[in-house]
Structure formats: structure tokens, C-alpha cells
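Since the structure comes first, as C-alpha cells, the remarks are kept for the end.
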Amino acid sequence: MIDNETSGSFNIGEVFRGTLLGLAVSFLGSALIGTGYYFTRLPESSLPWFAAGLFFLSILIGACSAASRAGNRGLFYGLGVALLFFIISWLLASILFPSPILPVSLIQKLILAIVAGALGGILGVGFSDQD
């Protein structure tokens, strides 16, 4: 069994916790954005920008949280959260909205996820309380 308290270990639980936090932010943000579109005159053409921004922010927050709790190896934790979040969101979208997925769109989302995860992981280590 791996000792998660040693300085060199990787705690996969923090990746799962950060991913769950990111998913929660995504669901709550979706509800807020949907409410905003319902009660305002925002043009629907702006929806892809809000969706991409929420996707980025959700991963950033989850990655920052995971890396902050871990205290080290922020890039690994951030990328772990990003990839897990990407896979889960892709699977949910495939199940709930079965339509053809464009490879270009998939690659764009993957790049967005990787950038958000890396940035969140690096920021999270900076906000960490550990030495």
C-alpha cells in the first residue's frame, strides 16, 4: 500500500475530489447561465462562449483545489483533474445527447481542459498551506 503522507507520493483521491468539485461548479454554473438566458435578452449566439468559459473555470477551480490540498506536484494534479473531467463530461454528453462528435471540437475542448488544469494546478500549489 502506498503511503499518501510521504512527500513523493501521488494521492489519486485529491484528483477525484477536485474533479467532483469541478463537476459541481459546472452544474451550478449551467443552472445560472440557463437562468440568465431565460430572464434576459442575451443572444443565443453567445452561448458557446459562456459554455467554454464555464468549462474552463470548472476545471481551473477543481485543479486548483486538488493541487492546493496536495501541496506539491500541482501540474500532475491539475492535469489529472482536467483529463478526468474531460472524460466524464464527454461521456455524459455522449449519453445524454447522442449526436456525431466533431474531432475538431473534441480536440479544442481537450486543449482547453489541459490549459485550465495546468494553470489551476500551478496556482493551487501557490495557494497551498504546506511547505
Side-chain angles (χ1 to χ4, degrees):
M1 183 163 210
I2 297 175
D3 182 18
N4 288 333
E5 297 301 319
T6 61
S7 169
S9 69
F10 184 82
N11 187 353
I12 193 73
E14 295 302 335
V15 173
F16 288 130
R17 186 176 293 169
T19 302
L20 287 176
L21 176 62
L23 289 170
V25 168
S26 184
F27 285 124
L28 290 174
S30 295
L32 287 173
I33 290 172
T35 303
Y37 272 96
Y38 183 77
F39 288 111
T40 65
R41 293 179 174 235
L42 284 171
E44 286 188 25
S45 61
S46 65
L47 184 58
W49 290 101
F50 279 108
L54 179 61
F55 184 77
F56 186 88
L57 185 66
S58 298
I59 294 172
L60 182 82
I61 290 172
C64 189
S65 170
S68 176
R69 293 177 60 86
N72 59 10
R73 298 185 179 196
L75 190 59
F76 292 127
Y77 284 100
L79 291 176
V81 169
L83 292 176
L84 189 58
F85 186 96
F86 175 79
I87 291 168
I88 290 171
S89 63
W90 177 73
L91 287 173
L92 282 174
S94 297
I95 292 168
L96 297 176
F97 309 109
S99 62
I101 297 174
L102 300 173
V104 172
S105 173
L106 198 63
I107 291 171
Q108 287 173 342
K109 287 254 193 309
L110 180 60
I111 290 170
L112 192 64
I114 289 171
V115 170
L119 184 61
I122 292 168
L123 288 173
V125 169
F127 294 136
S128 143
D129 292 336
Q130 299 176 3
D131 293 327

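For reference, positions follow the sequence shown, starting with 1. Here the structure is a predicted model, which is why all the values come from computation and not from measurement.
In this structure, Ile114 and Leu79 have side chains that are in contact, with non-hydrogen atoms separated by less than 4.5 Å. In this structure, the side chains of Phe85 and Leu21 stay at 4.5 Å or more apart for every pair of heavy atoms.
Although no hydrogens or angles enter the test, the distance criterion places no donor-acceptor pair under 3.5 Å between the side chain of Ser65 and the main chain of Ile61. Side-chain atoms of Tyr77 do not come within 3.5 Å of backbone N or O of Gly120 as any donor-acceptor pair. Put simply, the side chain of Tyr37 gets close to the backbone of Leu47: a donor and an acceptor are under 3.5 Å apart.
Contact between Ala82 and Gly117 at its shortest, heavy atoms only, is CB-CA, 3.8 Å. Smallest separation of non-hydrogen atoms from Ala67 and Gly121: CB-O, 3.2 Å. Considering every non-hydrogen atom in both Ala116 and Ala63, the closest pair reads O-CB, 4.5 Å. What you find for Phe55 and Lys109 is that their closest heavy atoms are CE2-O, 3.4 Å. Taking every heavy atom of both residues into account, Ser58 and Val25 meet most closely at OG-CG1, 3.6 Å.
In the hydrophobic clustering of ILVMFWY residues, with side-chain heavy atoms under 4.5 Å counting as a link, Leu54 and Leu119 come out apart. Cluster membership for Val115 and Phe76, using ILVMFWY side-chain heavy atoms within less than 4.5 angstrom, is shared. Linking Ile, Leu, Val, Met, Phe, Trp and Tyr whenever their side-chain heavy atoms come within less than 4.5 Å puts Leu83 and Ile88 in one cluster. Under the 4.5 Å side-chain contact rule for hydrophobic residues, Phe50 and Leu23 do not share a cluster. Each of Leu92 and Leu28 belongs to its own hydrophobic cluster when Ile, Leu, Val, Met, Phe, Trp and Tyr are linked at side-chain heavy-atom distances under 4.5 angstrom.
Note that CG of Leu106 is 4.0 Å distant from CZ of Phe86, once rounded to the nearest 0.5 Å. To the nearest 0.5 Å, atoms CG (Leu84) and CD1 (Ile12) are separated by 7.5 Å. Once rounded to the nearest 0.5 Å, the distance linking OG of Ser89 with CG of Leu96 reads 11.5 Å.
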